[in-house]
Colleague: 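So that we are looking at the same thing, I have put the structure below in structure tokens.
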There are 2 protein chains.
Amino acid sequence: MQNAAASTPKFRRLEADFRRQRLIDATVKCIAEHGYAATSVRQICSKADVSPGLLRHYFTGKSDLILQAYAQLIDKFSTELKSALDDHSVENQDEKDDPRNKLKVFVNTCFNGTMQEETTLSVMLAFWSELRLDPMMQSNAKSLCSGYHQQLVDVISDVALNEGNQDEVDPSLVALALAALVDGLWLQMCINRSTFSINDARLACFGLLDGFLFCGTNEQWLQVRAAGRLDQH
Amino acid sequence: MQNAAASTPKFRRLEADFRRQRLIDATVKCIAEHGYAATSVRQICSKADVSPGLLRHYFTGKSDLILQAYAQLIDKFSTELKSALDDHSVENQDEKDDPRNKLKVFVNTCFNGTMQEETTLSVMLAFWSELRLDPMMQSNAKSLCSGYHQQLVDVISDVALNEGNQDEVDPSLVALALAALVDGLWLQMCINRSTFSINDARLACFGLLDGFLFCGTNEQWLQVRAAGRLDQH
DNA sequence: GAAATAATTTTACAACTGTAAAATAAGCCT
DNA sequence: AGGCTTATTTTACAGTTGTAAAATTATTTC
């Protein structure tokens with residue numbers, strides 16, 4: 001029975017995309033708050049201010065919703081990375097194309113935006129741990145990872161080539177190390193959050209690149225590095 | 001009703017420690033196989049060839065068992081690390097005390113023994129993801145991490161001091177970077193297992209140390225490094 | 001304003017969860 | 001051989017899980 005004239009309706013019918021997004025957001029929040037294992041359909045729907053039955057009106061099931069939440073998380077970072085790399089606010093085209101600069105932008109983006117939010121990091125960690133068990137998630141992850149890993153290898157090759165170090169530098173090893181270092185720092189930011197700052201994380205990455213790419217041969221880079229050191233205090 | 005004379009008994013009473021260990025092992029296997037979220041009491045007990053009720057005879061509950069499994073995982077690595085660092089099979093006492101050598105042993109141990117087993121890595125990852133939510137686990141983790149992190153800082157300080165680089169090297173930053181790199185490589189070994197070898201992982205760590213500690217000033221280290229490069233092929 | 005549409009809620013269900021307590025039976029002691 | 005201890009199994013239970021389908025009801029259309 002619906003109430004008389006002036007009463008508020010029991011619910012409102014909203015646009016499909018809006019509801020879908022609300023459910024996805026609620027999923028991420030639940031995983032961040034209670035962990036992957038303790039996240040249930042009823043919990044998600046309650047956080048989305050929606051009855052439990054609605055989930056299956058917009059998604060095939062719980063795992064479908066979770067999969068899409070993961071895809072969106074990945075996509076957000078991927079987009080931030082792309083837009084940072086061809087940021088048109090940089091006036092100097094030469095600087096933009098400088099592979100050293102690309103690496104700098106990459107590292108900075110890894111510790112800005114989504115990736116410095118506690119929620120994003122802890123949910124990402126939860127997904128990593130489930131990745132191994134879910135082939136669907138794996139293919140999602142690969143679309144991001146293998147893409148940006150190859151890009152990293154290319155940029156690093158460019159740096160080495162530019163500076164005449166192509167014989168001393170193993171681009172795929174450096175890319176592996178940098179990617180792993182970033183992952184590891186994300187992990188530690190989740191677990192030991194307070195023991196170091198975001199700037200420490202950046203310095204660690206720049207330090208790694210300095211070493212692998214022989215910063216000693218690149219004066220411009222040394223200046224950037226010195227500036228970074230000063231920022232720290 | 002128990003069967004006639006020559007029949008096998010329904011079960012055997014075993015030593016407490018043995019049963020406890022079997023349950024712990026089963027827990028680790030379950031988490032490795034089906035993930036943290038999907039690991040149930042009945043599953044664990046079935047893998048330990050034991051009826052579900054027995055769990056609560058040896059542990060306060062499921063979470064107690066899981067906690068002890070985690071503690072044991074951490075302890076195993078911690079022990080390996082300790083025994084590697086004061087390995088008496090090394091003839092030369094000077095070499096053993098050399099901080100450069102300690103770092104080498106540390107890195108090698110991180111990718112040998114337990115830590116190269118797929119099971120250990122994936123279960124460790126699962127625990128990392130739950131760590132944030134469980135204060136008990138956190139205190140377990142801290143006993144390991146904060147301990148060996150400080151040790152790392154000290155060793156790195158020694159290297160810098162030995163080689164007259166104490167002004168250029170920031171030991172806590174280097175320790176952070178190395179620890180994070182190791183974690184990140186473990187993570188990647190879980191997720192992208194096939195894309196790189198254990199030797200790549202070691203090379204990445206040595207490369208990082210090379211850079212941060214200015215290997216250029218240390219000829220002995222350069223030789224070790226060159227040898228490592230040759231091993232790769 | 002009435003009928004049609006479909007977004008949303010409600011109810012139902014079978015399977016599973018962790019835990020508790022009672023029932024069983026293996027192995028030790030005398 | 002028989003009784004005692006207690007390790008182990010069995011049974012029971014209340015709560016939760018994901019999903020399915022039916023019942024509502026807000027909104028649109030005519």
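Numbered from 1 within each chain, the chains take letters A, B, ... in sequence-line order. What you see below is based on every heavy atom in this structure, not just the backbone, and it leaves out hydrogens, waters and symmetry mates.
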Colleague: Round to the nearest Å and state the distance from A/His57 atom NE2 to D/dT24 atom C1'.
Modeller: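 Computing the A/His57:NE2 to D/dT24:C1' distance gives 14 Å.
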Colleague: Assign B/Leu55 to base, sugar-phosphate, or nothing according to its heavy-atom contacts below 4.0 angstrom with the strands shown.
Modeller: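 The answer is nothing, as B/Leu55 stays clear of every strand by at least 4.0 Å.
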Colleague: Determine whether the side chains of A/Gln138 and A/Asp134 contain a donor N or O and an acceptor N or O closer than 3.5 Å.
Modeller: no
Colleague: Just the rounded figure in Å: distance from C1' of C/dT17 to CD1 of B/Ile44.
Modeller: 12 Å
Colleague: With heavy atoms under 4.0 Å as the rule, sort A/Arg42 into base, sugar-phosphate or nothing.
Modeller: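 Here A/Arg42 touches the bases of the nucleic acid.
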Colleague: Applying side-chain hydrogen bond (donor to acceptor under 3.5 Å, both in side chains), name anything that partners A/Glu33, two or more places apart in sequence or on another chain.
Modeller: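 For A/Glu33, the residues satisfying side-chain hydrogen bond (donor to acceptor under 3.5 Å, both in side chains) (neighbours in sequence not counted) are A/Lys47.
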Colleague: Under 4.0 Å, counting only non-hydrogen atoms across every strand here, what does A/Tyr58 touch: a base, just sugar-phosphate, or nothing?
Modeller: sugar-phosphate
Colleague: Decide whether A/Gln21 and A/Asp17 meet the rule of one side-chain donor and one side-chain acceptor closer than 3.5 Å.
Modeller: no
Colleague: On DNA chain D, check which nucleotide each of B/Gly53 and A/Phe11 is closest to and give me the residue with the more 5' one.
Modeller: B/Gly53
Colleague: Please pick, from D/dT9, C/dT10, C/dT19, the nucleotide with the shortest atom-to-atom distance to any side-chain atom of B/Lys62.
Modeller: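 Nearest to the side chain of B/Lys62 among the choices is C/dT19.
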Colleague: Does OP1 or OP2 of D/dT17 have a side-chain N or O of A/Ser40 closer than 4.0 Å?
Modeller: yes
Colleague: B/Lys10 side chain: which of C/dT19, D/dT10, D/dT27 is closest?
Modeller: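 Among the listed nucleotides, the one closest to the side chain of B/Lys10 is D/dT10.
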Colleague: Distance from B/Ile66 atom CD1 to B/Glu130 atom CD, nearest 0.5 Å?
Modeller: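 The CD atom of B/Glu130 is 8.5 Å from CD1 of B/Ile66, to the nearest 0.5 Å.
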Colleague: Using a heavy-atom cut-off of 4.0 Å across all strands, would you classify B/Phe18 as base, sugar-phosphate, or nothing?
Modeller: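 It contacts nothing in the nucleic acid.
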Colleague: Expressed as a whole number of angstroms, how long is the span from A/Arg13:CZ to D/dT24:C1'?
Modeller: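 The distance from CZ of A/Arg13 to C1' of D/dT24 comes to 10 Å, rounded to the nearest Å.
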Colleague: Could you state the atom-to-atom distance from CD of B/Glu15 to P of C/dA26 in whole Å?
Modeller: 19 Å
Colleague: May I ask you to check whether A/Glu80 and A/Thr114 show a side-chain donor-acceptor distance below 3.5 Å?
Modeller: yes
Colleague: Figure out the CG/C1' separation between A/Leu65 and D/dT19, and round it to whole Å.
Modeller: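 Taking CG of A/Leu65 and C1' of D/dT19, I get 14 Å after rounding.
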Colleague: Take the protein atom CZ of A/Arg20 and the nucleotide atom P of C/dT8, then report the distance between them rounded to whole Å.
Modeller: 11 Å
Colleague: How close or far is atom P of C/dT8 from atom CZ of A/Arg22, stated in whole angstroms?
Modeller: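 Roughly 11 Å, once rounded to whole Å.
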Colleague: Less than 4.0 angstrom between a side-chain N/O of B/Arg19 and OP1 or OP2 of D/dT8, yes or no?
Modeller: yes
Colleague: Does a distance-only test, which skips hydrogens and angles, find a donor-acceptor pair under 3.5 Å between the side chain of B/Arg12 and the base of C/dG27?
Modeller: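 By the distance-only test, no, there is no pair.
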Colleague: Nearest whole angstrom, please: distance from the P of C/dT8 to the CZ of A/Phe59.
Modeller: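 Interatomic distance, CZ of A/Phe59 to P of C/dT8: 12 Å.
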